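Reckoned from all heavy atoms, side chains included, excluding hydrogens, waters and symmetry mates. Since the structure is predicted, the reported quantities are computational estimates derived from the model, not experimental observations.
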2 protein chains.
Amino acid sequence: MRIIQFSKSTSYALHALVRLARSEPGVNVGIKELSASLGIPESYLSKVMSKLRQDGLVRAVTGASGGYELARSPEKISFLDVIQVIEGRQHLYECFHTDAQRPSKPQCLIHQVMDGAEERLLQYLREHTIQWVLDRRKEHEPIV
Amino acid sequence: MRIIQFSKSTSYALHALVRLARSEPGVNVGIKELSASLGIPESYLSKVMSKLRQDGLVRAVTGASGGYELARSPEKISFLDVIQVIEGRQHLYECFHTDAQRPSKPQCLIHQVMDGAEERLLQYLREHTIQWVLDRRKEHEPIV
DNA sequence: CAATAATGGACATTACAGGTCTATAATAGT
DNA sequence: ACTATTATAGACCTGTAATGTCCATTATTG
């Protein structure tokens, strides 16, 4: 049965963004340094970073001494932002009979419950940002 | 990237359970009737029902005039129960570096956020049961 | 014994996650 | 201008999971 779990790419993206948020502003971090410090395959991480750039979460500079930096401040990048870029914006649940039988008719009750559950999930992810991680990070021993 | 969405099987299972909950107690509903009334391929639905039986959500009787019935009352079957049977009990998130580098060490902060989000989701699914659907069903026109 | 019905296994198909490699374009330093 | 550096986009490969079908077996009722 389908694995209901965020992809590795999401994990990669989140860690990369925290890493970028920790570097001096205005300093580009190259894919080599990024992948080495996080332990992620370089060629694959570059795909993920490309996607983050296309969706406006990071800026990229090509050429010597180029690299990546955050496109906006860490408190403006929520977990939900990152997840939606990587995983897409599909809903958590789709009734097997949607589209076919009811074009935008009132949802069935099962569907309503699932949408309610999704909203709880999204709300929490919306409320937590990269900055949240940075703040907590100062307190404990620096895990990530 | 991996689709973060419940499988069709989960949708099948939820609809089937609501259907069983609506039938007279003590009456077995056969796979033919079940699949016909829901519009689900019979051979595939039987797989799903088998799984529900193995995990104790329904009882099955083989042989003539056999079929399925709920193993316990609808208010004791939560959405979470069903989902965990079908999708498994994996966590919504796994850091790409778990196991390998930190055997049961304190989670990284990203992990903590994701676990928090998961808990909100699970809580909502735990609070909504098959009976919840039956109750609401009486009010509106019977959608599902 | 015969008809009915669930079970379990094998199997086919499709899609996608994860990953690699390469050619191309852009940039900084010499 | 040349060269080294770096991101980008594309093609390609592999394994695995979701969906679904089919069949042989087992169990139950009449």
> Looking at NE2 of B:His111 and CE of B:Met114, how far apart are the two atoms once the value is rounded to the nearest 0.5 Å?
Replying inline: 9.0 Å

>> Once you apply a heavy-atom cut-off of 4.0 Å, does B:Gln54 come out as touching a base, just sugar-phosphate, or nothing?
In response: sugar-phosphate

> The side chain of B:Arg53 lies closest to which of these nucleotides: D:dT6, D:dG20, C:dG8?
Replying inline: C:dG8

> What integer distance in Å separates A:Leu45:CG from D:dA7:P?
Replying inline: 10 Å

> Should A:Tyr12 be listed as having a side-chain N or O under 4.0 Å from OP1 or OP2 of C:dG19?
Replying inline: yes

> So which one's nearest nucleotide on DNA chain C is more toward 5', A:Ile40 or B:Met49?
Replying inline: B:Met49

> Considering only heavy atoms from C-beta outward, does the side chain of B:Pro25 approach that of B:Glu69 to under 4.5 Å?
Replying inline: no

> Is there a side-chain polar atom (N or O) of B:Lys51 under 4.0 Å from OP1 or OP2 of C:dT7?
Replying inline: no

> Rounded to the Å, how far apart are A:Glu69 CD and D:dA7 P?
Replying inline: 12 Å

> Within the pair A:Ser7 and C:dG18, is there a side-chain N or O less than 4.0 Å away from OP1 or OP2?
Replying inline: yes

> Over how many whole Å does the gap from B:Ile31 atom CD1 to D:dT26 atom C1' extend?
Replying inline: 17 Å

> Below 4.5 Å, heavy atoms only, C-beta onward: do B:Met49 and B:Leu34 meet side chain to side chain?
Replying inline: yes

> When all nucleic acid strands are considered with a 4.0 Å heavy-atom cut-off, which category describes A:Glu33: base, sugar-phosphate, or nothing?
Replying inline: nothing

> Of the nucleotides C:dA5, D:dT21, D:dA9, which has the atom closest to the A:Ser50 side chain?
Replying inline: D:dA9

>> Looking at the base of D:dG10, is there any donor atom on it, or on the side chain of A:Lys47, that sits under 3.5 Å from an acceptor on the other one?
In response: yes

> To the nearest Å, how far apart are A:Leu52 CG and D:dA7 P?
Replying inline: 13 Å

>> Quick check for you: among D:dT19, C:dG19, D:dT29, whose closest atom lies nearest to any side-chain atom of A:Tyr44?
In response: C:dG19

> Any side-chain heavy-atom pair from A:Asn28 and A:Tyr68 closer than 4.5 angstrom?
Replying inline: no

>> In whole Å, I'd like the distance from the CD atom of B:Glu42 to the C1' atom of C:dA5.
In response: 10 Å

>> Is A:Ser46 close enough to D:dT8 that one of its side-chain N or O atoms is under 4.0 Å from OP1 or OP2 there?
In response: no

> Between D:dA7, D:dT5, D:dT19, which nucleotide gets closest to the side-chain atoms of A:Ala64?
Replying inline: D:dT5

> Does B:Ser7 reach the side chain of B:Glu87, with side-chain heavy atoms less than 4.5 Å apart?
Replying inline: yes

> What does A:Ser43 touch in the nucleic acid at a heavy-atom separation under 4.0 angstrom: a base, only the sugar-phosphate, or nothing?
Replying inline: base

>> Between C1' on C:dA28 and CG on A:Asn28, what's the gap in Å once rounded to a whole number?
In response: 12 Å

> Can you check whether B:Ile77 reaches B:Arg72 side chain to side chain, under 4.5 Å on heavy atoms?
Replying inline: yes

>> Of the options C:dA6, D:dA7, C:dT27, whose atoms approach the side-chain atoms of A:Tyr68 most closely?
In response: D:dA7

>> Rounding to an integer number of Å, can you tell me how far B:Leu34 CG sits from C:dA5 C1'?
In response: 13 Å

>> Output the rounded distance in Å from NZ (A:Lys8) to C1' (C:dC16).
In response: 15 Å

